[in-house]
Every structure is written in structure tokens, then in C-alpha cells.
Amino acid sequence: MSDYRPQDLDKKWQQRWSASRAFEVTADPARPKFYCLEMFAYPSGHAHVGHVRNYIIGDVMARMKRMRGYNVLHPFGWDAFGLPAENAAIKGGIHPEVSTRSNIAHMKGQLQRLGISYAWERELATCDPEYYKWNQWLFIRMFEKGLAYRRRSSVNWCPSCQTVLANEQVVDGGCWRCGTPVETRDLEQWFFRITAYADELLDATTQLTAWPEKVLTMQQNWIGRSEGARVKFPLERGTGNTEPGTDSIEVFTTRIDTIFGATFVLLGPEHPLVATFAETSSDPAGFRRKAQDFRLQDKAARVSGEIEKQGFDTGRRAINPFTKEPVPIWVANFVLGDYGTGAVMGVPAHDQRDFEFARKFGLPIRIVVTPDGEPAGGADAMKESASNYGTLVNSGEFDGLTSEDALKRMTAVAKERGIGEGTVQYRLKDWGISRQRYWGTPIPMIYCEKDGIVPVPDDQLPVELPRIAQFTGRGDSPLAQVPEFVNVRCPKCGGPARRETDTMDTFVDSSWYFYRFADPRNDRMPFDPAAVKYWLPVDFYSGGVEHAILHLIYSRFFARVFRDLGLVEHSEPFTQLLTQGMVLKDGNVMSKSKGNVVDPDTMLQKSGADALRLYVMFVAPPEKEVEWTDAGLDGSFRFLARVWRLVDHWAETIGGDGIGSPDDCPGLSADERAVRRKTHDTIRRVTVDIEQRQQLNTAVSAMMELVNELYAFSEQTLTGAPGHRDDDDPAHAGEAERAETICVMREAIEALMLMLSPFAPHAAEEMWEKLGHETSLVVAPWPEFKAAVARAEEIVIPVQVNGKVRSRLTVPAETSESELERLARADAAVQAHTAGKTVKKVVVAKGRLVSIVVQ
RNA sequence: GCGGAAGUGGCGGAAUUGGCAGACGCGCUAGCCUCAGGAGCUAGUGGCCGCAAGGCCAUCGGGGUUCGAGUCCCCGCUUCCGCACCA
């Protein structure tokens, strides 16, 4: 009898797997592949159990699929560029390259100590020039196709990180990383034209049937497609204030059916006409100041949520193109400059914002849609806008049309008259990728006075980061302070030129790393298309939901870019997505600042890798948030020790040669048949739970039930159950265990070892070896479910009388419906509740239940 | 405001197709055992009534459909998440 001591086992098996290169793979078209991937890690230095949970989920999938016969690719790598390393360099003087490499080494050790079955020979780090070279290569391809472009624009600026942020990286008006409120700056920036794929990215969400609905909804919201119309409101020709070129204001509306109620036009403060109107106003300076105030307010509004509606009259008027009436033009603080046309028509009767605005400034309200098409009473009594669809009134030739019909009809009419057209607007904007920082991929572009923007020639890639000795965190982009880097010859004319000094958003790095894993050492291409064709798409991808619209939408975009470059054939990179829940401590997210981080290394020392793995899988379904408890970890340890004792106790009896399958034993007792039934039912449950449901907690429960049953059964045998007081009964000393029992127990315990191995691989391997096996469980075939064995012989059928269970019948499984009804009616307990009453109805669900209705 | 998910014992959770609510684990209680260990084994553990057999109540609240509802429908409440003056 040996105690369960996981710490020694962990090391032993990790070394064996490593020495035998157990998890390395090569493409093999003759075998079905399974690409199992967990979101790679930012090398912060320490994995916490939240990360670890994700990797274990993936490892259970990967190990199980390997045993199911798949050629499993399960790689890992490092999202190694990023601000924390650079900020640490500014503070502590350690070069990002040095700290990143050392962090990677430490975290890799942690993951290896967990026994995660990674194909480490494919490991990559995005800060490797061999990797980021292909970021640059791809950037140039995108530039050639017009998918990467440079423009001056108003951008989100994080004053703390000293860099620009993409729209996706602004959360509640603050920086996604540090929370500092963002500012607006006008800068020359590189953009990726993700909007070119807006429609496709949106439409294809319906095909992502194995993604969580929540993530798809978030992406749909983010893309924010809305159908409507652009309509021109001509400027009223006043005396002496006409401007050539700008003779109308174009608005975007989703409710052209309400246009007869448009009693004013609103311009966002950024609208170009605002500046024009300011010039000709009586007080140009005051006009501009008011508009500028609104622009500054906008940022504050995004942070705080709501601001009061404000506006001022420009003194100018436009003509409503449907009513032909002149309407005043106002500037309003709530009209967004970068959505639609930056101008809207004001329909106070049918839009709550316009309603509030009109009430505040005494602008007219006209009702043009009513629920029943009856003309409405006075608008003065309205308390809020009537935003629902209805039937048109006060709308000239369109009276009587439903809103739905009017939307189509009026859009068509606008087009005929040349005053507008149907259009689609997206909330999604192009992805700004320039970052004014050092620790990222240099943007491979050169500015020449003569030739303009020139890409670095492919044969000069990668543009490597220059080594910088001192990080000050002040001044321009750090690369701009390195003259040897900046000053360069123009590749076209050979004349003096300068390099782009911004680096790429690190989300560029992570948007395609899963392709590189298919062919990680390729030095001629980002990857061999044939390798990607075999391995991709990723079959199972797991990671945190915080990437629902960042990483996951960018990756879907990149897949389409690669597709359109002819490098991949699919459009969607991830077939199935699992978003794992966070691990909380004391109800809070774990973080260093809160001091509530659960360190995996401590847990490993205390309980070993397997108990930690098992607990994290058992505590809740993978998507759910969980609260960390040390007691739960102890419970999992106890379970493993319990299995250990069981196997230890039986190993000698069942581990020998020449033991056949119980299929060949004709004389099994009822108890032995019951054990087999439980064994095979457990195989079915565990298989379905892992492979189809990803409900890993119930897979563990099922195995616990099997172990409980094996303990109970063991007590009935000569061998006995470990720990029980009747253990090794001297009365039966020297007697041999029944051959049938040996067959059945061996089948059960071996199946258990196989099923347990994805969860607790070290302990399972050790016990497997103890049972006399010489080959590793890594390549052992998954146990086969035999439906005939699992089928119950006798079942318990509840009998309900008026919906309450009054008795239970124990009957052969195949008992017919009529026989069930007969038995139920004859049952004494049932009769006690039916006596003296009329049976109105009997429902028999074969194999399930009998329901009798009496009155 | 719009959209999504969820609400089950003291706790984490289970219930796969509308069919025995509470599997499995934690915790707790009792007994056994002693290689005093991170022990182990066995039994019990939703609430109320009852000596018991048994009965009644119970899956956020209220209605409904059904022989039968944690599960389906309607109306609320609460929590979490996403988007949010997007015209």
C-alpha cells in the first residue's frame, strides 16, 4: 500500500512525455485532425488560476480527442508585445526584451508543471522578428490592396499610456488597459479597412452555430448595421449668404416615413457647415466658441453617460424636401459628427431626443404617424415622442400608408426626385492601428519627399526594432528618437527619406497567430497554405469573453484578408468558441492590487497538478464564473486518493495476464452485471459531456459515481474495499476471487483510468502502469461504450395519481405500456388513492412513468 | 433606453427529449476504525407535521397550458453582462 503522493508523479510523467515527444504532431491527411487552441498569453510573469482554468479546459479536450483517434494540434505561444513591458522599462530600466523573455520562461515552467499537453516545439512569441516580419509583410499586402491606409483623423488618446487607442479599446470612455479617460487628438494614423467587411462579418455571424450567442450578439451590436436613407435638405436661398458647392445638408434617417414631421435640422458640432455658417454669422467668434464647447463636451459625455441636450440656432434655414417648408438649422451637442452624415432631421413628434430638444427650445412639433391613421389631437399635450410604427397622416400623398410601406415608398420617391437614396450605416469604424510606442511591430513604411509613402521592399523585411538603452516615456514615439532608425534611403529613388516611427497595435499580432502555429518556422511565407488547409480552422477555441469584440472580430477580419490574398480557403477561423468564466476570490476578480491572487504554484505544491486540474474542472461548467475555495481543492485531492487506494487495492488481483473481457463471461451475477452497466453508462456520460457538451463538471461527477459504486461492490467481494473494516477478512484467506469479478473490475477500473487521464493525467498514468501497462495513456484508445451492456434490465417506474407520485413499480425494462397500466392499477398504494373514484385518464410513457387521473 | 444571460438546499452545482427536483462535491451530524492522517470507512443531511407508516410544502414572485412544468407561454421582480443621444 502506497499513499497518493502527487508531487513525485507529476515530475516523473512530465519528463516522460517530454522525452518521448508525446505531444508533437505532423500533418497527416490520412487522419482526421483536431485543432485545439486556448487564447495565447500575455507574458505578465505569473499565470493565475483564471488563465490556468482556460488551459486545463483545452487540455482535457486535446487529450480526450487524441485518445479518440484524432491528430491533435495543441500549441501555445506568447502575445509578447505590449505596453506593460515598456512601462516597466521606463520605471525600472529593464529592457522589454529582457523582461519579456524572462517572464515567458517562468510562465512556461508553470504550464509545464500543470502537465498541459502542448506541442512546445511550435511555441512562438510575437516579439520574435521571425514572427513580426510577417505582420509587416501582411501590412504591405494590405496597403497594396487599399486595406491599409493613412489619414489624419480625430483619434482616442490615452494620456497615461501615451498612445492612440482603437474604438474597440475604449471602454466606458476610458482606456481598456488602464481606465484613464481618453482624450481626442488629431493625428496622422494608419487604419485597416475593416468596414469593407462589415456586412460579411455581420451576416456570417448566423453561420457561427457553435459560438456562444452572447458573443455573436455583442459582435452584431458592435457592427451596428442600420438601414435607412440619406436625404438632402436644400439650404434656403437667403439674400447675400449663398455659398457655392454647399447647397444642401444631407441627413441620415431610419425613419423617412416621419419626414413630414421634420420641423428642424440639426448639425453635429463637427459638421463642415458649422464653420461655414460661423463665418457669415453676426458673431463668428461666439458661434465658433459655442460649437467648440460642444465638441469638448462630447468626451465628457462618453465618460459620464448622459449630458443635457443643448443647442443654438444658426440663423439659417433649410427646405424640407417633402413639405417644401423652410425649417430652422440648429447645432446640437448630441449629434455625432462621425456617424451617418453628421446631421439629422429633427422629428420631435416621433423621436424622443428631438422631442426633448423641441420642448426645450420651443420648436414646433407635428404628428405625422398615428396608430390607426386617424388624425391626432394637439401635439401640445404630448409627454413623450411616439416612436412606434403606425399609419401616416399629414403627409400629403403618403397619407394612409403604414410606416413599413412608407419607408419603401418614400425612399423610392426620394431617389426619383434626386434628393436621396436608401443606404446602410454601420457603427463599426475602421481600425486605427498606429501606436506611438516602442514595444511592438514597426510599421514597414518609408516617407520620401519625392515618392511619398513607399513600402519597405519585401527582401528588406523584417524592419527590426532598434535596441534602445534608455526608456524615458517622454517626447515622441520612442523610435522617432533613434536617428539611425529614422533616416533611410528611399527604396524607389534612393534619396533621403524617413521611416514611419509608430508601431502596430498588438491586436494585429494576435489576429493571425493561430495560422502561424500550423507552420511556425516558415521563413519564406507567413505559413504554408497547405499546412493551414490541413489544420485550420481551429476546431475548439477557448478564452475569456473580454475578447468578444476585440480579438475575435479582428481575427475574423484577418481570416477574410488572408482568404482574399489566396492564402486560406475558409472565411471563419474558429469553428467552436468557448468563453470560459473567470475565477473569483472573495467575490472579486483576482488582481495583484487586491492582493487576492491564487498562485497555481502554491496549489501545485500543496495538492499536485491533478487535484488542481480536477477541481477547476469539477467546480462549475466552463463558461460560468467560479469562486475559488481551498476546501474544494481538498475534495478533489481526496477523490484522487480514493481512486488511488481502490486501484492499489485491486492492482494485484486484476493486473495479471490472461484476464479476458467480461463479454466472454457467461455467468455474471446480478451485482456484476450492475457494475458493468454502471461502467458503460459512465463511459457514455463522460464521452458526451466532454465531446459534445463541454460540460466537464458533470463528466467528473459521473466518474465519482462510478468510484462510489466500485467501492460498494468491492465490499461484496473477497478482495474487499480499501479502508473498510472488513477488509482482508481472515475467514476467506487464501480463497481466490471469482474470475467473473476480476473481469468486471478490470474492465471498470481500466475504463476509469482512461476517462480520468484527460483530467488527472499524472495519477492516471501511474496507476495504469501499476496495472501492468507499458504504453502511455496519451495514445491509449478511449473506452468503447457498449449500449447493450449499459441497457438496464430492470427499471423503476413512478406511478402518479393526479400528478403526485404514489408508488413505484420495479419492472423489466421492456415491459409494455398495457402491462405497465395493468400493474399500476393493481398496485396497492395506487389503489389507496384511486379507491371509490373514477379513473378519467391513464397516460403511460413507456420506460418512464405512469400517470393516472381520477375524479 | 436597446439587446443578451441567469435566478434551484447552509455553499458550488445536477436534472441530456415536458416525466421520480436536489446527482456529484463542499460543509455539517452520528457511528466505526486507529498506520493519529491532509486520515479512512459507513450512515444521515431541502422545509414543516408525525413515534412511525406516511402526508403536506418547495426550483425568484404571480398567472396560464398540460395527465404531468425547474424545463413551455404571459405579466412582474432581482442580479450579472454588452451597447448606449448611432438619428
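Everything numeric here is computed off the predicted structure, so don't read it as measured data. Chain letters run A, B, ... following the sequence lines, proteins first, then strands; residues in each count from 1.
The same atom, C1', is picked in B:C67 and in B:C60; the two are 27 Å apart, to the nearest Å. Nucleotides B:C26 and B:U34, compared at atom P, are 24 Å apart to the nearest Å. Taking the C1' atom of each, B:U42 and B:G62 are spaced 46 Å apart, rounded to whole Å. For the C1' atoms, the distance from B:U66 to B:G22 is 24 Å, rounded to whole Å. Comparing the same atom, P, in B:A58 and in B:G70 gives a spacing of 10 Å after rounding to whole Å. For the C1' atoms, the distance from B:A14 to B:A87 is 48 Å, rounded to whole Å.
Atom CZ in A:Arg645 sits about 5 Å away from atom P in B:C41, given to the nearest Å. Atom CG of A:Leu336 is separated from atom C1' of B:C83 by 14 Å (rounded to the nearest Å).
Between A:Phe312 and A:Phe294, the angle of the ring planes lies from 30° to 60°, which puts this pair in the tilted group. Between A:Tyr339 and A:Phe252, the ring-plane angle classifies as perpendicular under the 30° and 60° cut-offs. The aromatic rings of A:Trp330 and A:Phe361 lie tilted to each other, with the angle between the two planes from 30° to 60°.
Ion pairing of A:Asp681 with A:Arg684 is present here, as a side-chain N (NZ or NE/NH1/NH2) and a carboxylate O approach within less than 4.0 Å. Taking the charged nitrogens against the carboxylate oxygens, A:Arg825 and A:Glu821 do have a contact shorter than 4.0 Å, which makes a salt bridge.
Listed candidates were B:A23, B:A87, B:G4. Nearest to the side chain of A:Val344 is B:A87. Looking at the side chain of A:Lys214, the nearest of the listed nucleotides B:G40, B:G4, B:A23 is B:G4.
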Dump every N/O contact between nucleotides 45-54 of chain B and the protein below 3.5 Å, one line per pair.
none

Where do N or O atoms of nucleotides 71-75 of chain B meet protein N or O atoms at under 3.5 Å, pair by pair?
none

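Contacts of A:Asn802 with the nucleic acid, taken as non-hydrogen atoms under 4.0 Å apart, are absent. Using a 4.0 Å heavy-atom criterion, one finds that A:Val335 contacts the bases of the nucleic acid, with or without backbone contacts as well. Nucleic acid contact for A:Lys804: sugar-phosphate only, since backbone atoms but no base atoms lie under 4.0 Å from a heavy atom of the residue. Here A:Ser607 lies in heavy-atom contact (under 4.0 Å) with a base. Across all strands shown, A:Phe637 has heavy atoms under 4.0 Å from base atoms, whether or not it also approaches the sugar-phosphate.
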message: Please encode protein proximity along nucleotides 7-21 of chain B as a string of B, S and -, counting only heavy-atom distances under 4.0 Å.
response: -----BSSSBB-BB-

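The base-pairing partner of B:G37, taking Watson-Crick or G-U wobble contacts with both distances under 3.5 Å, does not exist among the strands shown. Nucleotide B:U78: paired with B:A6 (Watson-Crick or G-U wobble, both distances less than 3.5 Å). Under the Watson-Crick or G-U wobble criterion, with both distances below 3.5 Å, B:U29 is paired with B:A43. In this structure, B:G19 and B:C67 make a Watson-Crick or G-U wobble pair, each of the two defining distances being under 3.5 angstrom. Summarising the base pairing, B:G50 is matched to no nucleotide, lacking a Watson-Crick or G-U wobble pair whose two defining distances lie under 3.5 Å.
The CE atom of A:Met410 lies 9.5 Å from the OG atom of A:Ser403; values are rounded to the nearest 0.5 Å.
Within 3.5 Å, no donor on the side chain of A:Lys840 pairs with an acceptor on the base of B:C67, nor the reverse.
Cation-pi contact between A:Lys309 and A:Phe334: present, with separation from the ring centre below 6.0 Å and deviation from the ring axis of at most 45°.
Taken residue by residue, residues 254-268 of chain A places heavy atoms nearer than 4.0 Å to RNA chain B at A:Thr254.
Contact annotation: A:Arg642 reaches the phosphate of B:C41 (side-chain N/O to OP1 or OP2, under 4.0 Å). The shortest distance between the side-chain N/O atoms of A:Arg638 and the OP1/OP2 oxygens of B:G27 is below 4.0 Å. Close to B:G25, at under 4.0 Å from its OP1 or OP2, lies no side-chain N or O of A:Tyr615.
A:Lys846 meets the salt bridge (charged side-chain N to carboxylate O under 4.0 Å, His left out) test with no other residue; sequence neighbours excluded. Evaluation of the salt bridge (charged side-chain N to carboxylate O under 4.0 Å, His left out) rule for A:Asp354 yields no partner, not counting sequence neighbours.
For the pair A:Val853/A:Asn802, a side-chain contact is recorded, criterion being any heavy-atom separation below 4.5 Å from C-beta on.
A donor-acceptor contact under 3.5 angstrom links the side chains of A:Asn708 and A:Arg642, judged on distance only.
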